[in-house]
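What follows is one structure encoded as structure tokens, with my remarks underneath.
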Amino acid sequence: MASRSLGGLGGSRGGGGGGGSGSGKKSLSARNAAVERRNLITVCRFSVKTLIDRSCFETIDDSSPEFNNFAAILEQILSHRLKGQVTWFGYESPRSFWDYIRVACRKVSQNCICSIENMENISSSRAKGRAWIRVALMEKHLSEYISTALRDFKTTRRFYEDGAIVLGEEANMLAGMLLGLNAIDFSFCLKGEGLDGNFPAVIDYTPYLKFTQSSDSISSDEEELRTLGSSDSESSTPENVRPPFIMDDNTWFNKFKRVKQKYQLTLEQKGYLEELLRLRENQLSESVSQNKVLLQRIEDSDLAHKLEKEQLEYIIVELQDQLTVLKNNDLRSRQELTAHLTNQWPSPGALDVNAVALDTLLYRKHNKQWYEKSHQSLDQFSGEASLSQTPLDPGQSQEGDGKQDTLNLITEGKENTPSLLGLCGSLTSVASYKSLTSLKSNDYLASPTTEMTSPGLTPS
């Protein structure tokens with residue numbers, strides 16, 4: 001029983017130890033993954049800074065060690081925890097980051113995916129991915145490609161495992177860091193040795209590792225190296241070993257030299273900054289003077305604009321007044337023309353009255369001719385009667401004298417005019433009157449106005 005109980009305790013302890021080791025392994029793997037992601041992101045930030053600094057002095061191409069290191073870092077980041085491709089037989093074959101970029105970056109406008117796919121001298125998937133990095137840098141669209149790919153979370157999740165950099169919070173930092181590379185002009189050859197996809201990229205960490213020795217350090221690096229290489233440990237004795245706090249003149253001279261170099265470097269930087277400050281002050285003064293000149297020009301332009309505006313307003317008012325005067329003159333001219341035409345031609349009522357008076361005149365002229373013919377026949381008759389016989393009664397002679405007086409009274413004050421019976425058409429209309437006035441003459445027709453004003457022609 002005791003052995004069984006002890007075995008049970010041992011089994012329980014062993015089980016507890018196994019659970020603790022499993023949790024420890026998980027925590028250790030999580031810690032290693034986090035450190036790996038942090039290291040890659042930090043080194044990528046350093047490489048971007050070194051690329052920007054180097055671009056100020058020379059053009060970045062395939063021979064630049066800073067670019068080769070950056071390309072290796074970016075390739076490691078995009079290949080971090082990338083899933084393999086499962087075949088028909090259930091085996092998992094390795095996959096390159098180009099397979100992910102080719103699918104996730106097709107939404108970028110005017111992308112270079114098709115151009116890289118059709119390259120003849122590039123066959124492997126890894127070489128195509130390296131060519132894409134170079135083309136994107138030359139196009140200054142690398143940050144845009146990465147941002148577009150990271151926004152397609154469904155595709156990213158399909159290609160990468162949990163814990164990958166592109167699935168974590170570090171992905172946003174990566175897109176922001178790559179944005180600074182758009183200010184650099186790159187020049188690459190897509191047929192160089194850097195596109196060889198047979199070997200993986202290796203990161204060189206030495207340019208980013210730097211140890212600064214404190215000034216309180218007891219010994220320098222040179223002294224430590226000299227002490228280590230002076231003699232073997234067997235032949236060294238305590239008497240031969242000098243105290244570590246005692247330093248010779250060379251050590252002080254080396255320290256003084258380093259301090260002097262730092263001082264000269266600081267002094268040169270100070271002179272450069274002072275010169276730059278003077279240059280900026282001169283530029284600022286010139287800008288202020290130019291600003292004053294521009295402000296004065298703007299004020300002059302505003303004043304000229306106001307004066308021109310006032311002149312235009314005055315001209316518009318004057319033109320409006322002239323237009324009003326012309327309209328009034330035109331209206332007055334129209335009224336005068338209308339009155340002139342109205343006075344020249346009589347009204348329709350006056351035309352009707354004149355037509356009636358003219359008819360009366362013609363009628364009287366016709367009666368006058370009839371009376372004249374009657375008087376001639378009566379004279380002939382009276383002459384024949386006087387020749388044939390002598391009047392017996394004096395009253396008959398008186399009656400004849402009365403008839404003669406009547407005829408004389410009718411014909412008194414009349415003019416002998418030819419007959420108007422030959423005229424055709426009615427004289428009571430305006431059209432007939434107009435045609436009649438066109439034929440008016442002193443020989444054939446008397447003026448209607450004079451006949452109408454004559455008191456002897458007034459109809460009874």
Side-chain angles (χ1 to χ4, degrees), residues 29-48 51 62 65-87 91-106 108 111-113 116-117 119 122-137 141-178 181 188 190 192-205 208:
S29 63
R31 184 252 179 196
N32 292 338
V35 171
E36 186 178 7
R37 292 195 303 268
R38 186 168 60 251
N39 289 341
L40 287 175
I41 291 297
T42 304
V43 173
C44 182
R45 183 170 64 251
F46 289 157
S47 65
V48 169
L51 274 176
D62 294 295
E66 289 83 5
F67 166 72
N68 293 325
N69 212 21
F70 168 76
I73 295 170
L74 184 60
E75 185 176 345
Q76 291 282 350
I77 290 174
L78 295 177
S79 301
H80 184 250
R81 301 187 69 84
L82 183 66
K83 292 181 180 180
Q85 186 175 5
V86 180
T87 61
Y91 298 104
E92 186 176 359
S93 60
R95 180 184 285 175
S96 174
F97 69 94
W98 169 247
D99 300 328
Y100 164 68
I101 294 297
R102 180 182 57 188
V103 177
C105 295
R106 288 194 179 275
V108 178
N111 59 74
C112 60
I113 305 298
I116 295 176
E117 284 285 350
M119 285 185 177
I122 300 175
S123 58
S124 64
S125 178
R126 182 180 293 175
K128 291 181 180 179
R130 292 173 180 175
W132 167 77
I133 292 175
R134 286 160 171 78
V135 172
L137 287 173
H141 288 163
L142 181 61
S143 177
E144 184 180 357
Y145 280 108
I146 297 298
S147 301
T148 304
L150 295 178
R151 283 196 295 268
D152 191 358
F153 187 75
K154 185 177 179 180
T155 304
T156 306
R157 191 72 179 176
R158 181 161 57 90
F159 277 88
Y160 289 91
E161 298 177 355
D162 293 337
I165 295 177
V166 295
L167 293 176
E169 297 179 356
E170 295 85 358
N172 298 326
M173 299 173 58
L174 177 64
M177 286 187 296
L178 297 179
L181 298 177
F188 301 117
L190 300 181
E193 297 179 355
L195 300 179
D196 188 8
N198 297 325
F199 302 98
V202 180
I203 302 175
D204 184 11
Y205 292 95
Y208 316 115

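Hydrogens, waters and symmetry mates play no part in the numbers below; they use all other heavy atoms, side chains included.
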Would you say [X] and [Y] make side-chain contact, with heavy atoms under 4.5 Å?
| X | Y | value |
| --- | --- | --- |
| N39 | Y205 | no |
| V103 | D99 | no |
| E117 | W98 | yes |
| W132 | R102 | no |
| D204 | N68 | no |

In Å, rounded to the nearest 0.5 Å, how long is the span from [atom1] of [X] to [atom2] of [Y]?
| X | Y | atom1 | atom2 | answer |
| --- | --- | --- | --- | --- |
| I122 | L195 | CD1 | CG | 5.0 Å |
| R45 | I73 | CZ | CD1 | 11.5 Å |
| S143 | L181 | OG | CG | 8.5 Å |
| N32 | R37 | CG | CZ | 11.0 Å |
| R106 | D152 | CZ | CG | 12.5 Å |
| R134 | L190 | CZ | CG | 8.0 Å |

Among E169, M173, E36, exactly one meets side chain to side chain contact (heavy atoms under 4.5 Å, CB included) together with I41. Which residue is that? M173
Check the pair L40 / I203 against side-chain contact (heavy atoms from CB on, under 4.5 Å), numbers first and verdict last. CA-CA 10 Å; L40 287 175; I203 302 175; 3.9 Å; yes
N/O donor-acceptor pair under 3.5 Å between E170 side chain and R38 backbone: no
Ignoring hydrogens and geometry, is there a side-chain-to-backbone donor-acceptor pair from Y145 to A104 under 3.5 Å? no
Determine the minimum heavy-atom distance between [X] and [Y], stating which atoms define it.
| X | Y | result |
| --- | --- | --- |
| M119 | A131 | SD-CB, 4.5 Å |
| V135 | C112 | CG1-SG, 3.6 Å |
| E75 | A201 | OE1-CB, 3.5 Å |

Scan F153, F97, Y100 and name whichever one has a ring-ring contact (aromatic ring centres under 6.0 Å, His included) with F159.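 One option only clears the test, and that one is Y100.
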Can R157 and D162 be counted as an ion pair, charged N to O under 4.0 angstrom? yes
Evaluation steps, side-chain contact (heavy atoms from CB on, under 4.5 Å), between C105 and N111: CA-CA 8 Å; C105 295; N111 59 74; 5.9 Å; no
side-chain contact (heavy atoms from CB on, under 4.5 Å), that's the test. Do H141 and V108 meet it? Break it down for me. CA-CA 9 Å; H141 288 163; V108 178; 5.8 Å; no
For Y208 and N69, which I'm curious about, is there any donor-acceptor pair between the side chains at under 3.5 Å? yes
Show, in sequence, the C-alpha distance, side-chain angles and deciding distance for L78 and I146, and conclude whether the side-chain contact (heavy atoms from CB on, under 4.5 Å) test is met. CA-CA 10 Å; L78 295 177; I146 297 298; 4.2 Å; yes
